[in-house]
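Remember, it's 1-based here, ligands and their atoms both numbered in the order they're listed. The model shown is predicted, which means the values in this text are computed figures rather than measured ones. Basis for what follows: all heavy atoms, side chains included, without hydrogens, waters or symmetry-related copies.
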Amino acid sequence: MTGNRKLRRRRPDRPRLIAHRILGAVTQQDAYANLETARVLAEAGLEARDAGFVTELVSGTCRLLGTYDRILAAASGRDSFDPALADALRLGTHQLLSMRVGPHAAIATTVDLAAATVGEKVAGLTNAVLRKVAARDLEGWVEHLARAEDDLGRLALRTHHPRWIAQAYVDLLGDEAEEALAANNVPPVPTLVVRPGLASVDELEGEPTARSPFGARRAGNPADVPAVREGRAGVQDEGSQLAALALAETATPTGPWLDLCAGPGGKAALLAGLAIGQGSTLLASELQPHRAELVAQALRAYDGPHRPVTVAADGTRPAWPASTFAKVMADVPCTGLGALRRRPESRWRRQPQSLAGLVPLQRRLLVTALDSALPGGVVAYVTCSPHRDETEGVLDAVLAGRDDVTREATTQLWPHRDGTDAMFVALLRRS
Ligand SMILES: C[S@@+](CC[C@H](N)C(=O)[O-])C[C@H]1O[C@@H](n2cnc3c(N)ncnc32)[C@H](O)[C@@H]1O
């Protein structure tokens with residue numbers, strides 16, 4: 001590269017530089033794309049149009065990351081790149097294949113970005129690889145790569161999921177799996193929820209949710225809604241609202257309520273208001289102190305004699321006597337395979353081995369939840385994953401050893417059927 005050509009290199013534009021920084025935090029430091037985007041944009045002071053461009057660039061790139069990596073490998077003949085170069089190429093690929101950015105602009109701006117963030121030495125490689133990527137559209141690439149695949153591999157490629165997740169969906173849904181997987185590629189409109197007794201649904205300024213009487217869908221920044229800013233409302237998927245409602249509406253003896261795995265506090269915030277409405281008090285318990293702090297924040301607007309209590313505690317070693325609670329929410333840590341619409345990078349980060357680590361914990365937490373319930377009390381076992389190992393598998397293993405528990409109802413929600421996260425809810429009554 002001569003000195004003259006170096007002088008002609010443009011500085012990358014700020015939105016693309018910011019998108020590159022956010023993507024680096026996601027791919028190299030395990031940040032969550034949506035949280036990192038919100039954090040960086042809050043400080044960046046970009047115009048709304050540029051902020052929208054960054055959000056689409058990052059979330060779209062993360063959602064199709066595995067597909068783009070396969071395209072880049074095929075286009076370059078290389079299995080790996082310097083991490084910062086890989087991120088620049090991924091962003092360029094998303095602009096070429098999934099955004100309305102012209103090929104010349106997508107390639108030229110990505111070459112500038114790679115040169116500025118990695119070094120002038122990668123400019124030629126970036127240009128050459130992206131020209132090859134631009135030779136096909138996304139559908140063409142998927143068809144090209146699918147030639148070497150079996151049926152499951154083709155389904156995974158077409159819907160932009162890793163093979164093991166496509167397999168789990170096929171196991172659950174058969175022919176309906178493709179529709180369900182495709183629904184994970186459509187980002188949902190944010191859903192807001194009131195704290196019962198503290199705000200009305202009208203105050204959410206959105207379209208009321210179909211099944212939860214406490215929610216409304218509203219595009220835009222939730223913090224623009226006064227009730228959200230004041231802690232009298234929050235953000236919560238309708239499926240999560242329905243899980244809390246199912247427990248709250250089940251007839252039980254009188255007694256306090258427990259949320260065993262409460263962080264960051266979505267279900268606890270709804271349950272706390274519903275408990276107050278029934279003359280009860282919610283104890284919200286969460287293992288991680290910083291997440292317990294988020295729960296306390298979510299519950300901050302409640303007051304009065306039945307106001308909720310938050311503690312940081314290990315749910316497998318309860319800090320309360322057995323047989324104490326009328327209603328127990330066990331919303332256990334899970335793979336989150338049911339919330340892929342809202343967490344764009346999650347499908348590529350999770351591995352099948354994640355299940356092996358989570359299932360024993362899920363079983364232990366369910367045992368504690370059941371032991372914590374009063375005779376006649378009800379436990380809601382909830383996952384935001386439809387994976388059989390985390391749902392029916394855990395129930396089978398735990399309930400096989402207990403004759404004091406009756407299964408009353410099971411619900412599996414799906415984005416493509418219900419417009420919610422794929423939340424699993426089982427109601428279990430202790431005798
Ligand atoms: C699926 S999230 C709960 C979501 C929450 N119910 C809501 O609606 O916002 C699971 C939570 O369980 C917590 N957790 C993990 N292990 C735990 C344990 N041994 N005891 C209690 N909580 C635990 C995690 O830190 C995480 O916050």
Protein contact to atom 25 (O) of ligand 1 [nearest heavy atom, distance to 0.1 Å]: Glu286 OE2, 2.6 Å
Of all the heavy-atom pairs spanning Leu155 and Ala166, show the shortest one and how long it is. CD2-CB, 4.4 Å
Any heavy atom of Thr383 closer to ligand 1 than 4.0 angstrom? no
Does an N or O anywhere in Gly265 fall below 3.5 Å from an N or O of ligand 1? yes
Under-4.0 Å heavy-atom contact with ligand 1, by part of Lys267 that carries it: both
Testing the basics here: between Leu358 and Thr335, what is the closest heavy-atom pair and its distance to 0.1 Å? CD1-N, 3.6 Å
Should you measure from each heavy atom of Asp314, which atoms of ligand 1 turn up under 4.0 Å away? 18 (C), 19 (N), 20 (N)
I'd like to know if the side chain of Arg347 reaches the main chain of His160, judged simply by a donor and an acceptor atom lying under 3.5 Å from each other, with no hydrogens or angles considered. yes
Is there a salt bridge (Lys or Arg N to Asp or Glu O under 4.0 Å) between Glu408 and Arg429? Walk through the geometry before answering. CA-CA 7 Å; Glu408 292 211 331; Arg429 190 179 297 275; 2.7 Å; yes
For ligand 1, is there an N or O atom under 3.5 Å from any N or O atom of Asp331? yes
Who's the nearest protein heavy-atom neighbour of atom 12 (O) of ligand 1, and how far? Cys261 CB, 3.3 Å
Quick check on contacts: which atoms of ligand 1 are under 4.0 angstrom from a heavy atom of Gly266? 7 (C), 8 (O), 9 (O)
Look at atom CZ of Arg307 and say whether more than 12 heavy atoms of other residues, nucleotides or ligands are closer to it than 6.0 Å. no
Hey, is the main chain of Gly215 close enough, under 3.5 Å, to the side chain of Thr209 for a donor-acceptor pair? yes
Kindly confirm or rule out an N or O of Gly315 lying under 3.5 angstrom from an N or O of ligand 1. yes
Check this for me, if you would: do Asp418 and Arg211 make a salt bridge, where the nitrogen-to-carboxylate-oxygen distance has to be below 4.0 angstrom? yes
Nearest candidate to atom 17 (C) of ligand 1, where distance is taken over non-hydrogen atoms, out of Val332, Thr368, Leu287: Leu287
Can you tell which part of Ser285 has a heavy atom less than 4.0 Å from ligand 1: side chain, backbone, both or neither? neither
Can you say whether the rings of His387 and Trp164 are parallel (under 30°), tilted (30 to 60°) or perpendicular (over 60°)? tilted
Does a side-chain heavy-atom distance below 4.5 Å link Pro333 with Leu365? yes
How long is the gap from OG1 on Thr37 to CG on Leu35, to the nearest 0.5 Å? 8.5 Å
Side-chain ion pair, Arg388 and Asp171, N-O less than 4.0 Å: no
Ligand 1 atoms in contact with Arg291 (distance to a heavy atom under 4.0 Å): 25 (O), 26 (C), 27 (O)
Please state which part of Ala268 comes within less than 4.0 Å of ligand 1, counting heavy atoms only: side chain, backbone, both or neither. neither
Using a 3.5 Å cut-off on N or O atoms only, is Leu361 in polar contact with ligand 1? no
Of all the atoms in ligand 1, which lie at a distance below 4.0 Å from a heavy atom belonging to Pro264? 9 (O)
Nearest protein heavy atom with distance in Å, relative to atom 15 (C) of ligand 1: Pro333 CG, 3.4 Å
The protein heavy atom nearest to atom 3 (C) of ligand 1 is Gly263 O, 3.0 Å
Looking at ligand 1, does Cys334 have a heavy atom less than 4.0 Å from it? no
Residue pairs, two or more places apart or on separate chains, that pass side-chain hydrogen bond (donor to acceptor under 3.5 Å, both in side chains) and touch residues 41-63: Glu56-His94
The answer for which part of Leu260 has a heavy atom under 4.0 Å from ligand 1 is backbone
At less than 4.0 angstrom from any non-hydrogen atom of Ala262, what atoms of ligand 1 do you find? 5 (C), 6 (N), 7 (C), 9 (O)
